[in-house]
Amino acid sequence: MNSMIHLDSIEKVYRTDRIETVALSDINLDVQPGEFVSVMGPSGCGKSTLLNIIGLLDEPTKGRVQLNGTAVSSYKDAAIAGVRNREIGFIFQTFHLIPDLGVVDNVEIPLLYRRMSGGERRKLAMAAIERVGLTSRAHHFPSQLSGGQQQRVAIARAIVGQPRILLADEPTGNLDSQMGDEIMAILHGLQQESGTSIVMVTHDPRLADQTQRIVRLFDGRQVQ
Ligand code: ADP
Ligand code: MG
């Protein structure tokens, strides 16, 4: 069986005219379908860079990325946007919801890039909203929701297109521990019921211990 995520000797160097920052060096990682992995390490060690590379938001300077058995060959190709849209859901610490849009409209955003009727979009969005337990808030605006609820909307948006990979960059970083536990319960549910592969960056050892495996980074390198 193919790994869902396969990283082979990934290096990422950021270059400006004067400084070179090695953000990642010789990273090798395999994540299986339905596996829940957490990434830990001090600030600046390359966690977000790693997630962005898995999520095809950033191109490695060396090494290869393979998602669901397919090597990512060209980062300029329009096809890459399609892969990102279909295969990957992203959740961020600061939610990144659009304040002028209501909950359903926020959740529908990834579907706007697919050939789909408005009615179909709405149906899928409502199903994703139900999945995160927010049906009664479907017509609220983000500012009318608590932080935990906003993060649940962001999860609904990330999963509405049924991606096989969910990437979460400190998803509980702005939440109290009870809300954090709610978010973790939703992620565990997705992993178990939908077989989604999840990679989550966290600073919280308590949450990392709930995942199947912890990848530790220090100064852009994997440590054991
Ligand atoms: P973490 O998420 O673990 O805090 P990051 O992946 O954001 O770390 O950053 C890793 C390193 O790469 C840091 O030293 C950071 O300053 C550097 N870096 C990240 N993004 C950029 C960028 N766009 N340009 C230059 N340096 C960057
Ligand atoms: Mg980060």
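Both backbone and side-chain heavy atoms feed into the values below; hydrogens, waters and symmetry mates do not. All ligand and atom numbering here is 1-based and tracks the order in the structure.
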**Complete:** If you scan protein heavy atoms around atom 12 (O) of ligand 1, the nearest is Ala23 CB, 3.5 Å

**Item:** the Mg ion (ligand 2) reached by Ser48 (N, O or S, under 2.8 Å)
**Value:** yes

**Message:** Ignoring hydrogens, what is the shortest heavy-atom contact between His96 and Arg157? Give both atom names and the distance.
**Reply:** O-NH1, 2.8 Å

**Request:** Could you pull out the closest heavy-atom pair between Lys12 and Glu59, with the gap in Å?
**Result:** NZ-O, 2.7 Å

**Asked** Any salt bridge between Glu193 and Arg131, counting N to O under 4.0 Å?
**Response** yes

**Prompt:** For atom 10 (C) of ligand 1, is the nearest protein heavy atom closer than 4.0 Å?
**Reply:** yes

**Message:** Can a donor-acceptor pair be found, under 3.5 Å and without considering hydrogens, that links the side chain of Ser9 to the backbone of Asp26?
**Reply:** no

**Message:** For atom 13 (C) of ligand 1, tell me which residue out of Cys45, Gly44, Gly46 has the closest non-hydrogen atom.
**Reply:** Gly44

**Message:** As an exercise, state the distance from OG1 of Thr196 to CD1 of Ile165, rounded to the nearest 0.5 Å.
**Reply:** 10.0 Å

**Prompt:** Purely on distance, is any nitrogen or oxygen of Thr21 under 3.5 Å from one on ligand 1?
**Reply:** no

**Asked** Which residue owns the protein heavy atom closest to atom 23 (N) of ligand 1, what's the atom, and how far is it?
**Response** Tyr14 CE2, 3.6 Å

**Shortest protein heavy-atom distance from atom 6 (O) of ligand 1, along with the residue and atom involved** = Thr49 OG1, 2.6 Å

**Message:** Could you identify the single nearest non-hydrogen protein atom to atom 7 (O) of ligand 1 and state the distance to 0.1 Å?
**Reply:** Ser48 CB, 3.8 Å

**Request:** Indicate yes or no: does Asp181 engage Arg206 in a salt bridge with an N to O separation below 4.0 Å.
**Result:** yes

**Request:** Tell me, please: is Gly41 in heavy-atom contact with ligand 1, that is, under 4.0 Å?
**Result:** no

**Request:** Look at the side chain of Gln151 and the backbone N and O of Pro171, then say whether any donor-acceptor pair between them is shorter than 3.5 Å.
**Result:** yes

